[in-house]
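Just so you know, these numbers come straight off a predicted model, no measurement behind them.
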Amino acid sequence: MESVNYEYFDSENDYSKNPNATKHRSFNVSRGDFSKYAILNGFYGKKLISRDARKFYSSMCRMAVKKEKGFYVISDEYEFAETSYKNVISFAMGMLATRIIANEIYNINKLYHFTDKSFKGTLVNGKMAPDWIGVDGQKKVFLFESKGTCNKNVRKKTIEHAKVQLNNVGSIKDTSTNQMYYPQKDSKHVICSCFDAYSGIDKVWNIHDVDPEGKGEVNLEINFDKECFMYYQAFVSYVDSLNQVYQCESVKNQKYYCWVYEDEKYCILEEIYNSMKSGQFNEQNRYRNFNNYVNEKLSDIEYPEQFSHDGISSYEDGI
C-alpha cells in the first residue's frame, strides 16, 4: 500500500499566494481503492456499467501513477501523454482524489454527483453547480469541486472558477425529509490532484484541499433516499450482470455476498443487497427511509485488519 501527500489550505488566496498549507499529512491508499472509486465514478447517470467500461475507468486511474519508495508518483504514460489524453486523465484523477478525501478526511462514505439529472435544482443565468455532494456521520452536508493537473498545483484561474461553482449553492433541500441544509465555508472544498516533490521524491501524487470563502444563493433539491438507493443499484446491477452465483462470507459476524470476476472480487453487505432485491424500497414509495436504513446497517460494521491491506478497497459503504 502506497501513500499520497495531503495538504489543506484555508482559502483560495492561501493556495495561490502562500505555498504553506494549514494542515499537512500523508496517508495510505490501496490499489483496490483506485479501482473501487474509479468504477463508482463511472456509474454516472445511474446506468449499468459494462465490463469493458469497468476496466476502462479502473485502468485509466491506475496507469496514471506508479509506486516509488512508498509513494504514488506520476507515470511516464500520464506525464508524456498527448495533451487531450492528459487532460482526460487529469480530470479522472481529480474525481478520484475527491472520493478519497471525502472518505479519508471528512468521513463521507457515499458521494452523489451534482450534475446528474436526478437533481431538481436550477441554477439561474447559466450558473454552474459543483461536482459533488455528500453527508458525513453527523449529517453535515459537504460540497466538492474536483480539479486535476499533472503539474505542481492547479492554476489560480481554475481555483477561482471552482470557488464560483461552490458558492453558487446557498441551500439544499432533502425532499425525502424536507430538511434544509445550508453549507458553510468549512463544508465547501476544491479538491485538486497534482504532482510535486515530497520527502526527497520527485513528482509525488499530491491532493490539495482548498476551502474557499464566500456565500451561495441558489437552492437545490435532492432526495437522499433515492440517491442512496441508486448508489447501490448501480453496483447491484453490475454484479447481477456477471451471471454468477454469489458466495457467502462472514467477517466478524457480518455477512457479505461476494462475486469473483477475472482478477477482482466484489462484495456487498448481505443486508443491503437483500434490501435492494426485496422491492420494499421503490419509486412508488420514493424509496422512503432507505438512507436511514443503510446508515443504521453501516454503523454496526467493524473493519478488521484483513480489509486494510493492499489490494482491498474500503468497506465503509458496505461495498
- Task: Tell me, please, which residues at least two apart from H208 pass side chain to side chain donor-acceptor pair (under 3.5 Å).
- Result: Y15
- salt bridge (charged side-chain N to carboxylate O under 4.0 Å, His left out) partners for K157, two or more places apart: none
- Message: Suppose we screen for side chain to side chain donor-acceptor pair (under 3.5 Å). Which residues come up paired with Y78, at least two apart in sequence or across chains?
- Response: S90
- Query: Do the side chains of F235 and L40 get nearer than 4.5 Å, heavy atoms only?
  - Reply: no
- In Å and rounded to the nearest 0.5 Å, what is the CZ to NZ distance from F224 to K110? 10.0 Å
- Message: Please verify the inter-ring angle class for H189 with Y8; under 30° counts as parallel, over 60° as perpendicular, anything in between as tilted.
- Response: tilted
- Look at the side chain of D225 and the backbone N and O of S176, then say whether any donor-acceptor pair between them is shorter than 3.5 Å. no
- Message: Looking at every heavy atom in both A97 and W205, which two are closest together, and how far apart are they?
- Response: CB-CZ2, 4.0 Å
- Item | Non-hydrogen atoms of Y112 and E227 that approach each other most closely | CE2-O, 3.5 Å
- Item | Sub-4.5 Å side-chain heavy-atom contact between V4 and F71 | no
- Query: Pick one: which of Y293, Y287, F229 meets ring-ring contact (aromatic ring centres under 6.0 Å, His included) with F281?
  - Reply: Y293
- Compute the centroid of each ring, for F34 and then for Y72, and state whether the two points are separated by less than 6.0 Å. yes
- Query: Do K69 and D202 meet the salt-bridge criterion of a basic N to acidic O distance under 4.0 Å?
  - Reply: no
- Query: Side chain of E270, backbone of Y256: donor and acceptor closer than 3.5 Å?
  - Reply: no
- Item | Partner residues of K156 under the side chain to side chain donor-acceptor pair (under 3.5 Å) criterion, sequence neighbours left out | none
- Item | Over 12 non-hydrogen atoms of neighbours within 6.0 angstrom of CG in D300 | yes
- Query: Parallel, tilted or perpendicular for F144 and F142, by the 30°/60° rule?
  - Reply: parallel
- Message: Treating S275 as the side-chain partner and I272 as the backbone partner, does any N or O pair qualify as donor plus acceptor under 3.5 Å?
- Response: yes
- Query: Is D317 salt-bridged to K36, cutoff N-O under 4.0 Å?
  - Reply: yes
- Would you check if N153 and T149 make a side-chain contact, meaning some heavy-atom pair closer than 4.5 Å? no
- Message: With rounding to the nearest 0.5 angstrom, report the CG to CD1 distance, N219 to I172.
- Response: 8.0 Å
- Is there a donor-acceptor pair closer than 3.5 Å between any side-chain N or O of K86 and the backbone N or O of E79? yes
- Straight-line distance of S75 OG to I89 CD1, nearest 0.5 Å: 7.0 Å
- Within a strict 4.5 Å, meaning less than it, do heavy atoms of the E283 and K226 side chains meet? yes
- Message: Hydrophobic clusters here meaning ILVMFWY residues chained together by side-chain heavy-atom distances under 4.5 Å, can you tell me if F195 and V204 are in one?
- Response: no
- Message: Is there a path of hydrophobic side-chain contacts, each under 4.5 Å between heavy atoms of I/L/V/M/F/W/Y residues, joining M180 to L143?
- Response: no
- Message: Taking the side chain as everything from C-beta on, heavy atoms only, tell me whether Y266 gets closer than 4.5 Å to I39.
- Response: yes
- Side-chain donor/acceptor of N292 to backbone N/O of N289, under 3.5 Å: no
- Message: Could you check whether any side-chain heavy atom of K255 comes within less than 4.5 Å of a side-chain heavy atom of C248, counting everything from C-beta outward?
- Response: no
- Query: Of all heavy-atom pairs between E12 and E213, which one has the smallest distance, and what is that distance?
  - Reply: OE1-N, 3.3 Å
- Item | Interatomic spacing from CD1 in I74 to NZ in K66 - rounded to 0.5 Å | 9.5 Å
- Message: Please determine whether side-chain contact (heavy atoms from CB on, under 4.5 Å) holds for the pair I268 and Y246, giving the CA-CA distance in whole Å, both sets of side-chain angles, and the decisive distance to 0.1 Å.
- Response: CA-CA 10 Å; I268 184 171; Y246 56 74; over 6 Å; no
- Query: Within the distance-only criterion (no hydrogens, no angle test), does the side chain of S187 pair as donor or acceptor with the backbone N or O of P183 below 3.5 angstrom?
  - Reply: no
- Sequence neighbours excluded, which residues qualify as salt bridge (charged side-chain N to carboxylate O under 4.0 Å, His left out) partners of D52? none
- Query: Do N274 and Y257 touch side chain to side chain, with heavy atoms closer than 4.5 Å?
  - Reply: yes
- Contacts of type side chain to side chain donor-acceptor pair (under 3.5 Å), residue Y6, not counting sequence neighbours: D209
- Query: Which heavy atom in E82 sits nearest to a heavy atom in S84, and how many Å separate them?
  - Reply: OE1-N, 2.9 Å
- Same apolar cluster (I L V M F W Y, side chains within < 4.5 Å links), Y198/I207: no
- Task: Write down the atom of P212, the atom of L166, and the distance for their closest heavy-atom approach.
- Result: CG-CD1, 3.8 Å
- Item | Point-to-point distance, once rounded to the nearest 0.5 Å, from OG1 of T98 to CG of N103 | 12.5 Å
- Query: Do V260 and L269 sit in the same hydrophobic cluster, where Ile, Leu, Val, Met, Phe, Trp and Tyr count as joined when their side-chain heavy atoms come under 4.5 Å apart?
  - Reply: no
- Heavy-atom closest pair (A162 atom, K147 atom, distance to 0.1 Å) is CB-CE, 3.8 Å
- Message: Any side-chain to backbone donor/acceptor pair from Q244 onto Y261? Under 3.5 Å, distance only.
- Response: no
- Query: Quick check: does any side chain N or O of N285 sit under 3.5 Å from a backbone N or O of N282, one acting as donor and the other as acceptor?
  - Reply: yes
- Query: If you group Ile, Leu, Val, Met, Phe, Trp and Tyr by side-chain heavy-atom gaps below 4.5 Å, do Y57 and M63 land in one group?
  - Reply: yes
- Indicate, with yes or no, if the rings of Y106 and W132 have centres closer together than 6.0 Å. no
- Task: For side-chain hydrogen bond (donor to acceptor under 3.5 Å, both in side chains), just list the numbers for N206 and N5, CA-CA rounded to whole Å, side-chain angles, deciding distance to a tenth of an Å, and then say yes or no.
- Result: CA-CA 5 Å; N206 278 251; N5 183 44; 2.6 Å; yes
- Query: Roughly how far, to the nearest 0.5 Å, is the CD atom of E316 from the CD1 atom of I319?
  - Reply: 11.5 Å
- Task: Return yes if some donor-acceptor pair links the side-chain N/O of Q184 with the main-chain N/O of Y182 below 3.5 Å, else return no.
- Result: yes
- Give a yes or no on whether a salt bridge exists between D186 and K140, defined as a side-chain N under 4.0 angstrom from a carboxylate O. yes
- Item | Contact check, side chains of R155 and H161, non-hydrogen atoms, under 4.5 Å | no
- Message: Please check: side-chain N/O of K188 versus main-chain N/O of V169, any donor-acceptor pairing under 3.5 Å?
- Response: yes
